[in-house]
Each structure stands twice: as structure tokens, then as C-alpha cells.
Amino acid sequence: MTRRSGFKFSTLALSSAALLIVSGAAFLCWPKTPASTENVAESVAQAETMAITTVMDTDSQLDPMPSSRVQPIIEGDLRAYSDSIRHLWASGPNLAEHYVQMVIPCGARCRQLVIGNMTTGELVQTGMGFDDMDDLDSDSLRTADLLLLMWVNGGQGNCARAIYRWDGRHLMGVSDVVTYSYTDAGCGQFTLPLVMGDIG
């Protein structure tokens, strides 16, 4: 009887020890809240980094880095205005994705419109400005091929504006010429989005 009781006690002790070992292993393997929280925070940080990278990639596609832009090819009478051209060129495209439209001098009290292709460096003198469009000013959107020109309307003492479309080589009028009052601020009182209704 004594030996059988000892056997029962030993079996019970071994079973208890085995249960403790299994419980301890389960406790060690069970996910801990701090680690889970840390993993979630890390995942959120990775998602934010990916979102920021995506925005930066999209922006870099819209606005090429200066190192990827060619320099303007300045020839003929435009050489006299090289500084103005390079300064405006450096601001990046502002018309039809990869063009830059700029109003530069053409002599004393004279302005002209030049459009540059930022992928080839070519500069096109549009013929807009000079004596026919005194005090010329302009506005455009990078995402559109439309260009608003504003100027002093000859000797009539008022202003005129018109919208043109750029096809990569030439400007084509797409609105009537609209006249309006001259102010101390000059004729450049409008932006392209404000006068889109001029297009008939």
C-alpha cells in the first residue's frame, strides 16, 4: 500500500511539472501587447513613408529636376537679353507641360513674348508684343496649352486681352479681343482661370 501511494504521488508530481512547462512555453510564445503596438506603429510609419514617396515621385514627374533640363539655346538678337531668359527659364515650365512662356525686353519700353521648349532648349519668338502690344503681360497654366495676353490698347488709353492656344510652334487666337479700363496697376489685372469665359 505504501509503495502504490508513492507511485501515485510521483505520477501527480510529474503531471504537474509537465503542465507548468507547457504553460510556461505558451506564455513565452503568446504575443505581447507592447510588441504588437510597436509593429503597428512601424507599419503606419512605413505606409506614411510610401505615401510621401509617391507624392514626391508624382511631383518630380510634373516638375523635372534642374539637372534633367537642357539649357536655352539663345541666338541672334535674343542674346542681348540672355540674363532675363535664363532667369525665367530657371523657374520651370508654365505652359503645356514642358514649355515656358516669358515676356522679355525687346528694347527701350518694348516687350515681346518668347516661348521655350524645356526638353530641346529651342526658343520661339512669337511676334507678340513690340509696338502692337505695348506693355505686354501674360498668364498661363502649366497643365494647359492656353495663354492669356494683356496689353495697352494703342492710343485709346485702355487695355485689351485675348486668349491663344499654343500648338508647339504657333499661337492661334481662341477668343475675341476684350477691352477694359486701364488702372495704376497696368493691364495685367487678370489670370487665365478668371477669363476662361472669354472663349466662345
Side-chain angles (χ1 to χ4, degrees), residues 59 61-66 68-200:
D59 187 63
Q61 292 172 5
L62 288 175
D63 189 11
M65 295 298 290
S68 68
R69 299 177 187 162
V70 299
Q71 292 302 308
I73 302 172
I74 306 175
E75 299 177 329
D77 59 350
L78 291 179
R79 290 175 180 160
Y81 312 107
S82 296
D83 290 343
S84 296
I85 291 172
R86 290 195 177 95
H87 174 73
L88 294 168
W89 187 276
S91 63
N94 58 13
L95 174 69
E97 298 297 343
H98 61 272
Y99 293 93
V100 54
Q101 58 88 4
M102 44 189 155
V103 175
I104 65 170
C106 51
R109 300 179 60 83
C110 177
R111 297 180 183 179
Q112 65 167 314
L113 177 71
V114 173
I115 297 180
N117 186 329
M118 303 202 77
T119 62
T120 65
E122 180 185 17
L123 296 173
V124 175
Q125 292 178 270
T126 64
M128 297 292 191
F130 303 97
D131 295 334
D132 295 331
M133 292 178 164
D134 190 24
D135 201 24
L136 181 66
D137 204 345
S138 63
D139 187 62
S140 62
L141 295 173
R142 177 176 177 174
T143 54
D145 59 359
L146 299 176
L147 176 65
L148 169 65
L149 296 183
M150 298 160 282
W151 65 94
V152 174
N153 190 22
Q156 300 184 27
N158 59 3
C159 297
R161 70 172 186 255
I163 299 175
Y164 298 83
R165 188 182 303 279
W166 174 247
D167 68 0
R169 295 298 305 174
H170 306 94
L171 286 173
M172 300 171 290
V174 294
S175 77
D176 293 332
V177 175
V178 177
T179 59
Y180 53 98
S181 299
Y182 183 89
T183 68
D184 292 340
C187 292
Q189 307 168 23
F190 298 94
T191 61
L192 180 60
L194 289 177
V195 298
M196 289 294 287
D198 291 352
I199 301 177

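Sequential numbering from 1 along the given sequence is applied to the chain's residues. Side-chain atoms are counted along with the backbone in the values below, which use heavy atoms only and exclude waters and symmetry mates. Because the structure is predicted, anything quoted here is derived from the model rather than measured.
With sequence neighbours left out, D134 forms a side chain to side chain donor-acceptor pair (under 3.5 Å) with no residue at all. Partners of R169 according to the side chain to side chain donor-acceptor pair (under 3.5 Å) rule, which considers only residues two or more places apart in sequence or in another chain, are E122. Evaluation of the side chain to side chain contact (heavy atoms under 4.5 Å, CB included) rule for Q156 yields N153, N158 as partners, not counting sequence neighbours.
Looking at every heavy atom in both residues, G121 comes nearest to V70 through N-CG2, 3.2 Å. Here the closest non-hydrogen pair linking G116 and W89 is CA-CZ3, 3.8 Å. The nearest pair of heavy atoms linking M118 to P93 is SD-N, 3.2 Å. Between C106 and Q112, the shortest heavy-atom contact is CB-NE2, 3.8 Å. A pairwise comparison of heavy atoms in A160 and V177 identifies CB-CG1, 3.8 Å as the closest pair. Closest approach of G168 to Y99, counting heavy atoms only: CA-OH, 3.6 Å.
C159 is listed as a side-chain neighbour of Y180, based on a closest heavy-atom distance under 4.5 Å. The closest side-chain heavy-atom distance from L78 to I104 is below 4.5 Å. Looking at R161 and L149, their side chains never come closer than 4.5 Å, going by heavy atoms from C-beta outward. Contact check for D139 versus F190: no side-chain heavy atoms found under the 4.5 Å cut-off. Between V195 and V178, every side-chain heavy-atom pair lies at or beyond the 4.5 Å cut-off. Taking the side chain as every heavy atom from C-beta outward, W166 and Q101 never approach each other to under 4.5 Å. Looking at heavy atoms from C-beta onward, L123 lies in side-chain contact with P72 at the 4.5 angstrom threshold. Within the 4.5 Å cutoff, the side chain of L192 has heavy atoms near those of the I163 side chain.
Remark: side-chain polar atoms of N94 are not paired, donor with acceptor, to backbone N or O of S140 under 3.5 angstrom. At distances below 3.5 Å, not a single donor-acceptor pair connects side-chain atoms of Q189 with backbone N or O atoms of M150. R111 places a side-chain N or O within 3.5 Å of a backbone atom of L136 that can act as its donor or acceptor partner.
By the neighbour-count criterion of 12 heavy atoms within 6.0 Å, atom CG of D167 is densely surrounded, having more than that number from other residues, nucleotides or ligands.
With values rounded to the nearest 0.5 angstrom, Q125 atom CD is found 11.5 Å from I115 atom CD1. The line from CZ of R86 to OG of S91 is 14.5 Å long, rounded to the nearest 0.5 Å. Atom CG of L171 sits about 11.0 Å away from atom CZ of R165, to the nearest 0.5 Å. The OH atom of Y164 lies 15.0 Å from the CG atom of D145; values are rounded to the nearest 0.5 Å. Rounding to the nearest 0.5 angstrom, the gap separating the CG atom in L146 from the CE atom in M196 is 5.0 Å.
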**Q.** Verdict with supporting geometry, D198 and L148, side-chain contact (heavy atoms from CB on, under 4.5 Å)
**A.** CA-CA 10 Å; D198 291 352; L148 169 65; 5.6 Å; no

**Q.** Derivation of the side-chain contact (heavy atoms from CB on, under 4.5 Å) call for V114 and I85
**A.** CA-CA 9 Å; V114 173; I85 291 172; 5.6 Å; no

Q) Is there a side-chain contact (heavy atoms from CB on, under 4.5 Å) between V103 and S138 once you walk through the steps? A) CA-CA 7 Å; V103 175; S138 63; 3.5 Å; yes

